[in-house]
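Each chain gets a letter, A, B and so on, in the order the sequences are listed, and its residues count up from 1.
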Amino acid sequence: MSFDNAYEAVSEANDEARWAFGTGFEDPLSGVDTSLPSGVDGDDLAAYCLMLGDDALIMSHRLQQWCTRAPELEDEVALANIGLDLLGQARLLLTRAAKAEGSGRSEDSLASFRDEHEFRNVRLAELSTHDTADFAGVIAQLLVFSTWRLALLQRLTDSRDPVLAAIAAKGVKEVTYHRDYAAQWTVRLGDGTDYSHQRMQSALDDLWPYVGELFESHSVVERLPDIAVEPSELRVEFDDVLTQVCSAATLTVPDAPARAGVSGRTGRDGVHTEAMGYLLSEMQSVARAHPEATW
Amino acid sequence: MVTLAIARSVAATVTDPELPMLTLADLGVLREVSESDGTVVVTITPTYTGCPAMDTMRDDLVHTLQDAGYDDVEVRTVLHPPWSSDWITAEGKRKLAEAGISPPGAAPRNDGPIPLTLGAPMHVVRCPRCGAAETEELSRFSATACKSLRRCRVCAEPFEHVKEI
Ligand SMILES: [Zn+2]
């Protein structure tokens, strides 16, 4: 068998021996009742699922970029595993979003064929640390991200949308491990040598301007009172955990002001940092170069 | 007419692609086998949301049941309640240990905020080779999402441990 390009060789959708998996999965919600809860606007629910799904998708991609760059094999494997968990959460949430909006889009088209301004992730998730191999940077990012996401998912298990509640309940178990991993490394680096302490502290200081955005409300959330989680409710638990970790790590919880968006618009409104365009051009490159391929 | 008891026992023989010493039933992933208008409906639940083996499990279930003479097979996913390592059967735990993988202890249960674990896990994990209790965690993550990597301080062998979730 001969092919014109490498992707065609793996594009046989029904080839049981296929060795690469990127698109063309079966619907991860197959058999799950995805009808809308009563009184809920499908577009609002879709917008909310996109926010949480994009957070997971973009953070997952950032972790995947650490493959071959981690300081130890164990951490290479850990970051890849955490990235895979988040990718799984993203698949379920994007699929839920696609079904709720009812436009015929899929998890694949949402991940690979939306442009930067259509992504709804918080800017914290898109910050780049792999290009400078800043391991303290990815640990700080993961500590903040997973502490916030765990608090969010735990509350989301009470959502009136049974699909979101079920996705959240699975996510809670996974993100508990992610937070512990990041917290343990924060302590190891913070309470390590003078140099590792200083690197860990500057990593936290550098991303702190993007922390405020995690707790800002949004009109979509306000329209989904018993479905979505109000972000400001998460701040106390978040501060509590960060204080606990930083104190064990002999670090100072930063107090930098939040980085403003553009006219008050931030990641949740599709306004991103400069890093986002580079991330998407890499993440979407294969799907866009071979839009018909299943690989 | 589908003979449900037989269909169930056929589905129960399908093994997990990543832990082939276990059947999906041993692992607690196989939730239900029922019948709807002549179609065998198999319900499974993912261990982890990112588990890339779900598609393979679906294919294996369909093929195994078709080979046993059930032409119409449908595999459904259920997310709730979320899979717990407590669902691995006693037989499943025995098979894991026999294969050199230490089985999970009891999964944690939380009502309020989930406590942070800054130190090593408190429970004792015994070495599946020599039985020693003196083992240490090398990494909470390993070749698959469901296992951590440990080492025995007595026989010095590394081993995998199915995590408690
Ligand atoms: Zn031993």
Exceeds 12 heavy-atom contacts within 6.0 angstrom, atom [atom1] of [X]:
X        : atom1 : value
B:Asp37  : CG    : no
B:Arg129 : CZ    : no
A:Arg160 : CZ    : yes

Would you compute the distance between atom [atom1] of [X] and atom [atom2] of [Y] and round it to the nearest 0.5 angstrom?
X        : Y        : atom1 : atom2 : value
B:Arg140 : A:Glu74  : CZ    : CD    : 14.0 Å
A:Leu84  : B:Phe141 : CG    : CZ    : 11.0 Å
B:Arg76  : A:Leu29  : CZ    : CG    : 14.0 Å

- Task: In sequence, state the C-alpha distance, the side-chain angles, and the governing distance for B:His80 and A:Lys170, and then conclude on side chain to side chain contact (heavy atoms under 4.5 Å, CB included).
- Result: CA-CA 8 Å; B:His80 185 83; A:Lys170 286 206 72 64; over 6 Å; no
Minimum heavy-atom separation for [X] and [Y], please, with both atom names.
X        : Y        : result
B:Leu118 : A:Ala183 : CD2-CB, 3.6 Å
A:Val77  : B:Ser142 : CG1-O, 3.2 Å
B:Leu79  : A:Leu92  : CD1-CD2, 4.3 Å

- Task: For A:Tyr177, enumerate each residue passing the ring pair (Phe, Tyr, Trp, His ring centres under 6.0 Å) test, keeping only those at least two apart in sequence or located in another chain.
- Result: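 Checked A:Tyr177 against ring pair (Phe, Tyr, Trp, His ring centres under 6.0 Å); zero matches.
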Using a 4.5 Å cut-off on heavy atoms from C-beta on, say whether the side chain of [Y] contacts that of [X].
X        : Y        : answer
A:Lys173 : B:Ser84  : yes
B:Thr49  : A:Glu174 : yes
A:Val172 : B:Ile114 : yes

- Query: At a heavy-atom separation under 4.5 Å, does B:Pro115 approach chain A through its side chain, its backbone, both, or neither?
  - Reply: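 When you check distances to chain A, only backbone atoms of B:Pro115 fall under 4.5 Å.
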- At a heavy-atom separation under 4.5 Å, does B:Thr47 approach chain A through its side chain, its backbone, both, or neither?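 B:Thr47 touches chain A through backbone heavy atoms alone.
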- Which members of residues 150-157 of chain A, sorted by number, sit under 4.5 angstrom from chain B on a heavy-atom basis?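 A:Leu150, A:Gln154, listed by number.
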- Message: Under the rule for salt bridge (Lys or Arg N to Asp or Glu O under 4.0 Å), what residues qualify as partners of B:Glu91, not counting sequence neighbours?
- Response: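 Per chain and number, B:Glu91 pairs via salt bridge (Lys or Arg N to Asp or Glu O under 4.0 Å) with B:Arg94.
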- Would you please go through residues 156-165 of chain B and name the residues with a non-hydrogen atom below 4.5 Å from one of chain A, in numerical order?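 If one takes a 4.5 Å heavy-atom cut-off, the residues of residues 156-165 of chain B near chain A are B:Lys163, B:Glu164, B:Ile165.
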- Message: Could you check whether any side-chain N or O of A:Asp180 sits under 3.5 Å from a backbone N or O of B:Thr117, counting only pairs where one atom can act as donor and the other as acceptor?
- Response: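 At least one qualifying donor-acceptor pair exists.
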- Given a strict heavy-atom distance threshold of 4.5 Å, which part of A:Val187 is in contact with chain B: side chain, backbone, both, or neither?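 Only the side chain of A:Val187 comes within 4.5 Å of chain B.
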- Message: Out of B:Ser148, B:Pro113, B:Ala143, return the one with the most heavy atom pairs under 4.5 angstrom to chain A.
- Response: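 Of the candidates given, the most pairs with chain A belong to B:Pro113.
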